Amino acid sequence: MSKSMLAKVVRSAAPLTGQRAREIQAFGSVVPMPIALAEDTRRASADNLNQLLADTITLRDLYKKHHWQVSGATFHQLHLLFDKHFNEQNELVDLIAERIMMLGGVSIAMSADVAEMTLVPRPPKGREEVPVQISRLLHAHEVVLKEARTMARQAADDGDDGTNDVLVSNVIRTNEMQVWFVAEHLVDEPLVRADGQQAD
């Protein structure tokens, strides 16, 4: 490339890398949003949703861990089920985070911050047996459902119908459905011969 061609590069065409500045909004704060909800209501909902977001991110990631590490006779069906539930939880993560932003808040995002906030117990790094994996998932779902129900009631009492709808229509219903699908794998029943049948 000739020097004349290089000279034609406009300075504004070059990326401005390495930029640093102060935060434009602190975590835990809310900015004014013209959505006909009081600041106190929006702050309370955003705080609640951030706790739920941290726990939902943790549940989502627990599904991916178990998707990779599941083993045994039910490997194929659980491998697929865990991945399906991971994707559904990932949709909830996005929905909850965006609701926080709609309220004028700041959604929790980074894994280190999520790890500090979550109420879901941390699993070991290693591989666990299927019944333990499922039990961990069920406990995490219960954490999410318990707080989602409490938060939904508070949002309804505060007149925050949008947050209430996200919690009831999406978070609670999705988690209840997933609990049903996962919990049925822990039923202690015979696989080949009906209970009480005698061998020939």
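Here the structure is a predicted model, which means the values were calculated and not measured.
Summarising the local packing, CD of E129 is surrounded by 12 or fewer heavy atoms from other residues, nucleotides or ligands at distances under 6.0 Å. For Q77, the CD atom sits in a packed shell: over 12 heavy atoms of surrounding residues, nucleotides or ligands are nearer than 6.0 Å. With a 6.0 Å radius and a threshold of 12 heavy atoms from other residues, nucleotides or ligands, M177 has its CE atom at or below the threshold.
Between H66 and F82, the ring planes lie tilted relative to each other; the angle falls in the 30° to 60° range.
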Problem set entry | Evaluation steps, side chain to side chain contact (heavy atoms under 4.5 Å, CB included), between Q133 and L78 | CA-CA 11 Å; Q133 291 177 327; L78 287 178; 5.8 Å; no
Problem set entry | Verdict with reasoning, E142 to L138, per side chain to side chain contact (heavy atoms under 4.5 Å, CB included) | CA-CA 6 Å; E142 196 166 22; L138 291 174; over 6 Å; no
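Residues meeting the side chain to side chain donor-acceptor pair (under 3.5 Å) test with N87, sequence neighbours left out: none. Residues passing the side chain to side chain donor-acceptor pair (under 3.5 Å) test with R42: none are found, sequence neighbours excluded. Listed by chain and number, the residues in a side chain to side chain donor-acceptor pair (under 3.5 Å) with N90 are R60 (sequence neighbours excluded). With sequence neighbours left out, the side-chain contact (heavy atoms from CB on, under 4.5 Å) criterion links T150 to R153. For E88, the side chain to side chain donor-acceptor pair (under 3.5 Å) test picks out K84, Q178, with sequence neighbours left out. When the salt bridge (Lys or Arg N to Asp or Glu O under 4.0 Å) test is applied to E39, the partners found at least two apart in sequence or on another chain are R43. Remark: E176 pairs with R149 by the salt bridge (Lys or Arg N to Asp or Glu O under 4.0 Å) rule, at least two apart or across chains.
Note on residues 63-81: pairs passing salt bridge (Lys or Arg N to Asp or Glu O under 4.0 Å), not counting sequence neighbours, are K64-D83. Applying the salt bridge (Lys or Arg N to Asp or Glu O under 4.0 Å) test to every pair with at least one member in residues 91-109, sequence neighbours left out, gives these pairs: R99-D160.
Residues V143 and L49 do not share a hydrophobic cluster, clusters being chains of Ile/Leu/Val/Met/Phe/Trp/Tyr side chains in contact below 4.5 Å.
Scanning both residues, L37 and G159, for their nearest heavy atoms gives CD2-O, 3.6 Å.
As a member of the Ile/Leu/Val/Met/Phe/Trp/Tyr network built from side-chain separations under 4.5 Å, L80 groups with nothing else and remains a singleton.
Remark: L92 CG to L53 CG distance equals 10.5 Å, nearest 0.5 Å. Residue S29 holds its OG atom at 10.0 Å from CG of D47, rounded to the nearest 0.5 Å. With rounding to the nearest 0.5 angstrom, the CE atom of M151 is 6.0 Å from the CD atom of Q51. L95 contributes atom CG, which lies 10.0 Å from atom OG1 of T56 (distance to the nearest 0.5 angstrom). Between F86 atom CZ and L59 atom CG the span is 11.0 Å, to the nearest 0.5 Å. The CG atom of L52 sits 9.5 Å away from the CG atom of L145 when rounded to the nearest 0.5 Å.
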Please list every donor-acceptor pair under 3.5 Å in which a side-chain atom of residues 168-175 meets a protein atom from a residue at least two apart or in another chain.
from	atom 1	to	atom 2	distance (Å)
S169	OG	D165	O	3.3
S169	OG	D165	OD1	2.7
T174	OG1	N170	O	2.7
N175	OD1	Q89	NE2	3.2
N175	OD1	H141	ND1	2.7
N175	ND2	V171	O	2.8

Can you give me every donor-acceptor pair (side chain of residues 102-122, partner residue at least two apart or in another chain, under 3.5 Å) with its distance?
from	atom 1	to	atom 2	distance (Å)
T118	OG1	D55	OD1	2.6
T118	OG1	T58	OG1	3.1
T118	OG1	V120	N	3.1

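At a threshold of 4.5 Å between non-hydrogen side-chain atoms, the residues Q154 and D157 do not count as touching.
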